[in-house]
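Residue numbering restarts at 1 for every chain, and letters A, B, ... go by the order of the sequence lines. This is a predicted model, so every value here is computed, not measured.
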Amino acid sequence: MSDLETYRAKAAAWLETMVPDFGRDARQGLSEADDLALGRRYQKAKFDAGYAGINWPVEYGGQGLGHLEKISFDAEEMKHGFPNFYFGISLGMPVPILMQFGGDKAFVKERVLKALKGEEIWCQLFSEPAAGSDLAGLRTKAEADGNGWKINGQKVWTSWAHYSDYGVIVVRTDPNVPKHKGLTYFWVDMKAPGVTVRQIKLAGGDSHVNEVFFDDVKIGDDHRMSPVGGGFAVAIATLMIERYVATDSAGFGPHLDLFVELAKEIEINGKPAIEDGRIRQQIARNHAMRAGLDSINVRARLMMEAGMIPGAEGSLNKLVAVRSRQKLSELAIDLRGSDGFAFDEHASQREDWTSSWINAPTGRIAGGSDETLLNTIAEKVLGLPQDHRPDKGVPFNEIPV
Amino acid sequence: MSDLETYRAKAAAWLETMVPDFGRDARQGLSEADDLALGRRYQKAKFDAGYAGINWPVEYGGQGLGHLEKISFDAEEMKHGFPNFYFGISLGMPVPILMQFGGDKAFVKERVLKALKGEEIWCQLFSEPAAGSDLAGLRTKAEADGNGWKINGQKVWTSWAHYSDYGVIVVRTDPNVPKHKGLTYFWVDMKAPGVTVRQIKLAGGDSHVNEVFFDDVKIGDDHRMSPVGGGFAVAIATLMIERYVATDSAGFGPHLDLFVELAKEIEINGKPAIEDGRIRQQIARNHAMRAGLDSINVRARLMMEAGMIPGAEGSLNKLVAVRSRQKLSELAIDLRGSDGFAFDEHASQREDWTSSWINAPTGRIAGGSDETLLNTIAEKVLGLPQDHRPDKGVPFNEIPV
Amino acid sequence: MSILYDEGQQAIATESRRALEARMRKDDLLPLLEVTGRFHEGFWTMAKEQGWTALALPEAYGGLDLGLIELGLIAHQAGRTLSGAPFLTSSFGAAKAIELYGSDAQKARWLPGLAGGDTIGAVAFASGADALPVKPGITFVGDRLDGTLTGVSAAGAANVAVVLAMGADGPVLAIADLTNAERRIVPSFDNSRCVADLHFKETPAEALTAGGSARDAALHILALQAVITAHEQTGGAEALMEIARDYAITRRAFGQVIGAFQSVKHRIAELYGLVELARANCIHAASREGQDDFITAAAAARLSATEAYDTAARDCVQIHGGIGVTWEIGLHLHMRRSRSLAIEQGNSLFWEDVMVDRLAGEAA
Amino acid sequence: MSILYDEGQQAIATESRRALEARMRKDDLLPLLEVTGRFHEGFWTMAKEQGWTALALPEAYGGLDLGLIELGLIAHQAGRTLSGAPFLTSSFGAAKAIELYGSDAQKARWLPGLAGGDTIGAVAFASGADALPVKPGITFVGDRLDGTLTGVSAAGAANVAVVLAMGADGPVLAIADLTNAERRIVPSFDNSRCVADLHFKETPAEALTAGGSARDAALHILALQAVITAHEQTGGAEALMEIARDYAITRRAFGQVIGAFQSVKHRIAELYGLVELARANCIHAASREGQDDFITAAAAARLSATEAYDTAARDCVQIHGGIGVTWEIGLHLHMRRSRSLAIEQGNSLFWEDVMVDRLAGEAA
């Protein structure tokens, strides 16, 4: 057994011991507040056992191990349905960025430690009503105010803001220069006066994203995490982490085996649907697609193990997998026919086709829309030209709205 | 029976009498030269019987009837595989445009009459190597030369130029104004000194399109069919005819019945392919698509009969039908399996799936590419904005190449 | 032969559109998603007042003697505004079954109420994926129904149901007063469709037609309903296409309206194509009632309309980006409706099979 | 487990690419479309000289003892440059059948020639749409073959064929010297594939394996060939994607390069996705030879590679506009090849069925 295999086996064994207290069954029927509380206890247990911050520096409370240990642990952890998603964004992007770009080291250390223990949660305040794919078009502004800054404006699609203690934020500090050049990156206290969080209900019924309003929110200049006017680069660094975190050939929907099972149970024209060419075709095509993504992911891991940089094909995962999952989920509903109306809004989108279907559009938009991903591949990988952008080089306050 | 039905029945009966001399079987094995000669005799027979220029003015040798009589005749004529395609472009676009925009009426009358009798053929010289979808980007130029003009440059994709006596042509007469504004429309004698025609062989093996080179070709100003600088409008008028001529829900490929027959003959896993869900799905989807197009076409005819203007949905025909035909033809080849390699380059694309497949790309490009058609629908029908066009308003000779 | 709408038909379209656009509000429809057993009462009141319930039924029983074409026009408009209840189609289907196959006594008993809209009908043929089972899972013996039918649209509110049951000598098309059946509401992603399971236990019922013809009769009723549903789907797809277009010409990104990006622009143009193909097939199918090719025409309408609505729902949300997946903007009302209509009256797989059996010259 | 290519393998890829790009010319390939019974001799000479013919065969018989991974790398490059003959795959398939199922005498007779490339092999299992008939249409009785196999790639030039025939006690995998068979060239849209019908009339042949295992053996050979063909298809798709990209960044319309239009730009990005999925499945499949999931992995490679090449052929031509359909530019060489490779070694329908039978845990 390689070191990595040993590590993985040990982690798997530890995770098994967590199942009775924190697993899928233990969470059944909990209110969100109770589930969050359970989640905080689970995160603390991970920290105590040395499974929080696996690949983070020891000086910040991490374990100082590699990316491979981290993804091995994640793969094992994923099996049990633990209440860990409250910390996914927090530990995924803002806190690592804080470690890299935060100024006051003592303060940063304290925050990182509390985040790793599940005591504090961070959110990421990027998108705005008028700036989704076009991040640099954002309007929330910070004006110089004494030795610090005063923030006014509105953010949107902020996951878990309603539970967050802190957030990282990109704002416009200079409207007189082209849009990318007038942005600055800060952290903010989400409990500060003038910060208002309002939950947004999504199409499928849940509400983990928010609008966040800033009304004369005052922060010191020590909150600044980029040069003035240099915030866009830090924002992109944040998003780059996001793109490489998410790989799942099921597109965060159900495993294909569940579709095969469904097709075996259901009859079309008196025969199991699994014998119908149309169903077989979809199973085969989806399997081939997922097998391709799996192979890409495995190769990427092997390359990282060998100290190489994986190819750009890793960026296909979300684009290809979520789009396919949407249509396959529709077919599953079709297949169930008159039994297909039934809906449980608490069902998991990884286990239930209807939940998978209703949440698929969010997956095709969040974290880079299909169109943004296609543009990225076309421009960054293939060298095709950027789209026409009339706002390029134009001072932000001269762009027509 | 309505007048129209009577007309159609009579036409059908006359066409039947032409089958022995000019029908599919009579053409079998003829060289192209012999087939063209046969075609000229067939066109003359049509003229003598009053079936040439059905909806053209009587003063030009036409019959003065309506569009409905014309399409009724065409629908009947299509069944027999007559050698009429040599005259399709000639009588479809250039000659009607000549009637409308030609100057010297006596000359025009003589030309129209000879074209209707199949004695003369006209071609349409629009596309250029650097100007396909972007017609107004053309470079062939006409410079003032005494009382007339001197043409230099190159056209391409000119159908039947190698058999043509005359052609209509759009050329640049002023490179100092934005591209749409510097064009003028002329007719030219294809036998004039300096005109060189070179056949282009297409992917499927045939060569009915040409490159045409103009080398100091001199024409009089009486050849001019538009104001100087006003040629683009006449060119568009020519293309508008083209868009509305072509409706065929089979996308100019084989009838769906031929696919159903194939699926009944061929076995997959020991059962007729017609019982396989994948094949059934394609048949059903293609039938639904074609039935929709047929219904659109029938309604358009009914509206014209009732004196109304048909809706924009008629513009879907070529886009939807040819694209679908391409994939269905591929499936037919797949279905034939190891018998699918066989290829007869003289087979008709309306009767043979392999011929249909190999010629489908031409259908998706000629007469408006898929992308051009989508843009037209988006802009003209739905009011979506034009694409970014950096050359808009820029003098032609300042556009970077 | 496809038809051109005459002046009366055009007036029906215009008038119903005006009435529905004035009454139907997203904010009234959203709350209906979060309760079961409720529908939009305002919609149904309007359907009764405007005579839509009577439209395609015989004059002798309180109807207006119009047909599929006119009811289709209403359904198209109802689809645009997301209607608020499934009864336009379900009551029509039940009434047509009684009109075409019932006795005079049965007609006299049920049709006036259905034409007036005070009686609500449901049609319950499907068993899961099978829209029209060869061997129905419920029995009809001694004028009593026994067994369960799952996921019946409208059943949560209906007074009467037309069912396909297994009798002593084969399938029977039967009718039952639902006061004598137990119904259990199915919590659904589109609750105003009033989906319920129907449990029959010695429930009194009457035969409409039996033997070999019962299944043909059921298919005919299903096809009639499919044509109406296809109109509703086409209306929904058309509305989504217009919403996407309107958003694309106002929403700006990267300094221009997003409709200038071909990924958005061409997608909307493709939706236009799907909507027009569906519309053309709907018009054609509605004009073919009573002709040999009616079932095939209905299948074509159904297939193209389902594709149009599903695709429009996917693409319209995608074009909107983040805002498209919020509860409040309500695009998910269409997204949900596109799926509930896709499985009512049989899914696409079913209609593909029905069509190909006919095209290939085989029995259904 | 997918693999990373080691240095030796990377050298094979680099070297074969260099050699092929130096030798293979569109202008040499175009004329081959217009004659029958010819292939690109230069390609085959190179294959022999470079040892590609010997690559995946046992050292004991003149081979290099490498495997699917290495031969796949060559096939990928051959696909990029449109190869010029089908024998890389067909001779390999025939040789593997002999190596895996033949006697020592059979190996000694045939393998050295196949490894050297002077003997050309063909594999002939299909009967029309059926890539692997349960009841083969030709018979093997008394060591004699009788019957006809239509549309066999490579058969126009092959010396030896491996066939699936019906013996007295079920299917037999047999081998025949083709000097004793009649072959009739099939005029094809891709003539350098040397497609021919094989007519056997009391043609002497020898069994390799018989009984229930013969069909499994044939499927295994087909899967081995499918993995090689999938590499070739992926190479072709990759080349088309690059050609489309290169054209899109140079060709101008409306004052800008056409790659700035999203309809072009996104289409090429989608091709990138199809190519990378196909490549990933090819690499994976090549590494699974001898494992339980080999057939499924081969099917995945085959399905994604066929989709990639077909789509790339359609889209690359479309992006080129008029110039794309000319004979001279030669994109139709890829278009034709995409279809001939799609039907060699069984069409997509066949591989879908093979895959789903396995995923669903049923017999093939």
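At a threshold of 4.0 Å, the pair C/D353-C/R358 does not count as salt-bridged, since none of the basic side-chain nitrogens sits closer than that to a carboxylate oxygen.
Contact of A/L202 with chain C is made through backbone and side chain together, with heavy-atom distances under 4.5 Å. The parts of C/R336 that come within reach of chain A are both its backbone and its side chain, each placing non-hydrogen atoms under 4.5 angstrom from that chain. Of the atoms belonging to A/L374, not a single heavy atom falls under 4.5 Å from chain C. The contact between C/V317 and chain A is made by backbone and side chain atoms together, counting heavy-atom distances below 4.5 Å. With a 4.5 angstrom heavy-atom cutoff, A/Q326 touches chain C only via side-chain atoms. Proximity to chain C involves both the backbone and the side chain of A/D334, based on heavy atoms less than 4.5 angstrom apart. Heavy atoms closer than 4.5 Å to chain C are found in both the backbone and the side chain of A/T362. Interface remark: C/E34 contributes side-chain atoms only to the contact with chain A (heavy atom separation under 4.5 Å). Of the two parts of A/K392, neither the backbone nor the side chain holds a non-hydrogen atom closer than 4.5 Å to a non-hydrogen atom of chain C. Heavy-atom distances place the side chain of A/I266, and not its backbone, under 4.5 Å from chain C.
A donor-acceptor pair under 3.5 Å is formed between the side chain of A/R172 and the backbone N or O of A/K179. C/N347 contributes no side-chain N or O that, together with a main-chain N or O of C/I343, makes up a donor-acceptor pair within less than 3.5 Å.
Counting heavy-atom pairs closer than 4.5 Å to chain C, the top residue among A/V209, A/T354, A/I333 is A/I333. Interface summary for chain C: among A/D391, A/V156, A/I200, the most heavy-atom pairs under 4.5 angstrom belong to A/D391. Between chain C and the residues A/G137, A/P129, A/A136, A/A273, the most heavy-atom pairs under 4.5 angstrom are made by A/P129. Considering only heavy-atom pairs separated by less than 4.5 Å from chain C, the leading option among A/K327, A/R364, A/E267 is A/R364. By number of non-hydrogen pairs under 4.5 angstrom with chain A, the leading residue of C/S340, C/A131, C/S263, C/G255 is C/G255.
Between C/H320 and C/Y247, the ring planes lie parallel to each other; the angle is under 30°, not in the 30° to 60° tilted range.
The environment of CD in A/E351 is crowded: more than 12 heavy-atom neighbours from other residues, nucleotides or ligands sit within 6.0 Å.
For the side-chain contact (heavy atoms from CB on, under 4.5 Å) test with C/Q345, the passing option among C/L222, C/T306, C/V123 is C/L222; the others fail.
C/R302 pairs by the salt bridge (charged side-chain N to carboxylate O under 4.0 Å, His left out) definition with nothing, not counting sequence neighbours.
Contacts of residues 336-344 of chain A with chain C at a heavy-atom distance below 4.5 Å involve A/R336, A/G337, A/S338, A/D339, A/G340, A/F341, A/A342, A/F343, listed in sequence order.
For the residue pair A/E128 / A/Q154, no side-chain donor-acceptor distance below 3.5 Å is found, with atom types taken as modelled.
Taken to the nearest 0.5 Å, the SG atom of A/C123 stands 12.0 Å off from the CH2 atom of A/W160.
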